[in-house]
Amino acid sequence: MVASVCAWYLGYLFADIVPEDSLSSAIENLQSIGEKPVLKAPPPKRQKCDHWSPCSPGSYAYRLLSGGGKEKLAKICFEDELLISEQKGNVGRGINIAIVNYFSGPMITFIKNAPQESLLLMVTHDDGSSRLKDDAKKVIAELGSKEIWNMKFRSSWAFIAAKGFKLPDDIQKEKINHSDNSKNRYNGWPAEIQIEGCIPVNLI
């Protein structure tokens with residue numbers, strides 16, 4: 001009985017002397033002793049052209065992004081350099097074409113005058129079909145495009161081709177998404193599309 005009273009009195013005295021916040025901190029520290037430490041993974045390293053994983057050594061990185069709606073403009077990136085983008089102010093309505101290390105005139109002349117061993121990267125913004133004539137389609141089809149003949153009003157389209165050499169069979173070269181009012185992401189426009197990959201340096 002005396003021991004119980006002493007224990008109660010000492011506990012009461014201790015609680016009265018020690019501040020409440022100190023007691024709370026001590027209890028939290030005791031509770032955290034048995035907890036496993038939380039390990040946080042480091043943020044992923046940015047890769048060329050915003051790839052999720054890096055290209056293997058001796059490869060070129062590329063990414064083609066078609067336009068989406070009025071606000072999201074087309075973009076072409078090659079080896080982490082934006083060749084066509086909103087930032088550069090060189091995105092136009094229709095088919096945007098970038099030729100690596102080469103510049104020329106109107107589209108058909110632009111493509112035909114591209115030197116051998118050139119990469120041609122193409123994306124649409126807004127609409128690329130209304131003024132696209134059959135002779136232009138034929139020139140693009142000769143580069144290997146299978147979807148150019150299927151281009152419709154406001155289709156989102158991306159295509160990469162090589163002139164004077166062959167691209168590997170296992171890389172994605174072309175993608176298309178047609179406008180459909182029941183499925184469109186934007187009002188009157190389909191969702192933007194993208195293709196990306198790695199091209200071995202020794203092909204060029």
Side-chain angles (χ1 to χ4, degrees), residues 43-53 55 60-100 102-112 114 119-162 167 170-199:
K45 181 181 178 182
R46 184 188 173 279
Q47 306 298 334
K48 289 181 179 179
C49 293
D50 294 324
H51 283 200
W52 282 106
S53 57
C55 288
Y60 292 127
Y62 69 90
R63 169 175 282 187
L64 287 72
L65 180 68
S66 72
K70 291 183 178 180
E71 305 300 328
K72 294 193 175 183
L73 304 188
K75 185 184 297 184
I76 293 177
C77 175
F78 186 81
E79 271 299 278
D80 219 25
E81 180 181 353
L82 286 174
L83 304 179
I84 290 178
S85 69
E86 181 179 6
Q87 294 93 318
K88 282 185 169 288
N90 59 355
V91 181
R93 185 173 184 265
I95 297 178
N96 294 265
I97 305 175
I99 298 178
V100 175
Y102 188 74
F103 298 91
S104 185
M107 187 169 71
I108 295 178
T109 304
F110 188 69
I111 293 172
K112 286 185 175 180
L119 281 171
L120 296 91
L121 305 96
M122 309 182 191
V123 289
T124 54
H125 174 66
D126 191 352
D127 174 55
S129 67
S130 297
R131 298 182 180 180
L132 188 64
K133 306 301 182 184
D134 283 349
D135 53 352
K137 290 181 180 180
K138 183 179 179 181
V139 170
I140 296 174
E142 288 172 351
L143 292 171
S145 172
K146 295 179 173 60
E147 298 290 353
I148 192 64
W149 296 105
N150 300 323
M151 186 86 71
K152 299 177 182 178
F153 180 66
R154 287 183 176 169
S155 293
S156 291
W157 176 71
F159 176 56
I160 181 170
L167 291 173
D170 59 349
I171 69 169
Q172 188 177 25
K173 303 178 186 70
E174 187 174 27
K175 193 173 182 180
I176 195 167
N177 186 22
H178 299 298
S179 178
D180 184 337
N181 288 331
S182 65
K183 300 177 181 178
N184 284 344
R185 176 178 295 177
Y186 309 103
N187 184 21
W189 282 272
E192 63 274 29
I193 57 170
Q194 71 176 26
I195 59 175
E196 65 180 36
C198 306
I199 302 173

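Values in this document were obtained by computation on a predicted structure and should not be read as measured data.
Contact between E174 and I148 at its shortest, heavy atoms only, is OE2-N, 3.9 Å. Taking all atoms of both residues into account, the shortest heavy-atom contact from D126 to R93 is OD2-NE, 2.7 Å. Here the shortest heavy-atom pairing between E86 and V91 reads N-CG2, 3.8 Å. Of all heavy-atom pairs between I84 and N96, the closest is CD1-CB, 3.8 Å. Counting all heavy atoms, side chain and backbone alike, I99 lies closest to A114 at CD1-CB, 3.6 Å. The shortest heavy-atom contact between N90 and L83 is ND2-O, 2.8 Å.
Here the side chains of F78 and C49 are not in contact, with every heavy-atom distance at 4.5 Å or above. Residues L167 and L119 form a side-chain contact, since some pair of their non-hydrogen atoms from C-beta on lies under 4.5 Å apart. Residues I95 and F159 have side chains not in contact (no heavy-atom distance under 4.5 Å, counting atoms from C-beta outward). K72 places none of its side-chain heavy atoms less than 4.5 Å from the side chain of W189. For the pair Y62 and V100, the minimum side-chain heavy-atom distance is 4.5 Å or more.
To the nearest 0.5 Å, atom NZ of residue K75 and atom CG of residue D50 are 7.0 Å apart. How far OG of S156 is from CZ of R154: 10.5 Å, rounded to the nearest 0.5 Å. Here the CD1 atom belonging to I195 is positioned 5.5 Å from the CD atom belonging to Q172, to the nearest 0.5 angstrom. Between atom NZ of residue K70 and atom OH of residue Y186 there is a gap of 14.0 Å, rounded to the nearest 0.5 Å. The CE atom of M122 sits 10.0 Å away from atom CD1 of I160, with the distance rounded to the nearest 0.5 Å.
E79 contributes a side-chain N or O that, together with a main-chain N or O of A61, makes up a donor-acceptor pair within less than 3.5 Å. A donor-acceptor contact shorter than 3.5 Å links the side chain of T124 to the backbone of S155. Side chain of S66 to main chain of A158: no donor-acceptor pair is present (N/O by atom type, distance under 3.5 Å, no hydrogens or angles).
Around CD of E71, the count of heavy atoms belonging to other residues, nucleotides or ligands within 6.0 Å does not exceed 12.
Considering K48, R63, H51 in turn, K48 is the only one that fulfils the side chain to side chain contact (heavy atoms under 4.5 Å, CB included) rule with D80. The residue from E147, K152, K146 that alone fulfils the side chain to side chain donor-acceptor pair (under 3.5 Å) condition with N150 is E147.
For residues 178-189, the set of pairs meeting the salt bridge (charged side-chain N to carboxylate O under 4.0 Å, His left out) definition, not counting sequence neighbours, comprises R185-E192.
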Item to check | Test log, rule side-chain contact (heavy atoms from CB on, under 4.5 Å), inputs M107 and L132 | outcome: CA-CA 10 Å; M107 187 169 71; L132 188 64; 3.5 Å; yes
Next on the checklist: Determine whether C198 and I171 satisfy the following criterion, side-chain contact (heavy atoms from CB on, under 4.5 Å), listing intermediate values before the conclusion.
Outcome noted: CA-CA 7 Å; C198 306; I171 69 169; over 6 Å; no
Result block: side-chain N/O donor-acceptor pairs under 3.5 angstrom for residues 133-143, not counting sequence neighbours:
none

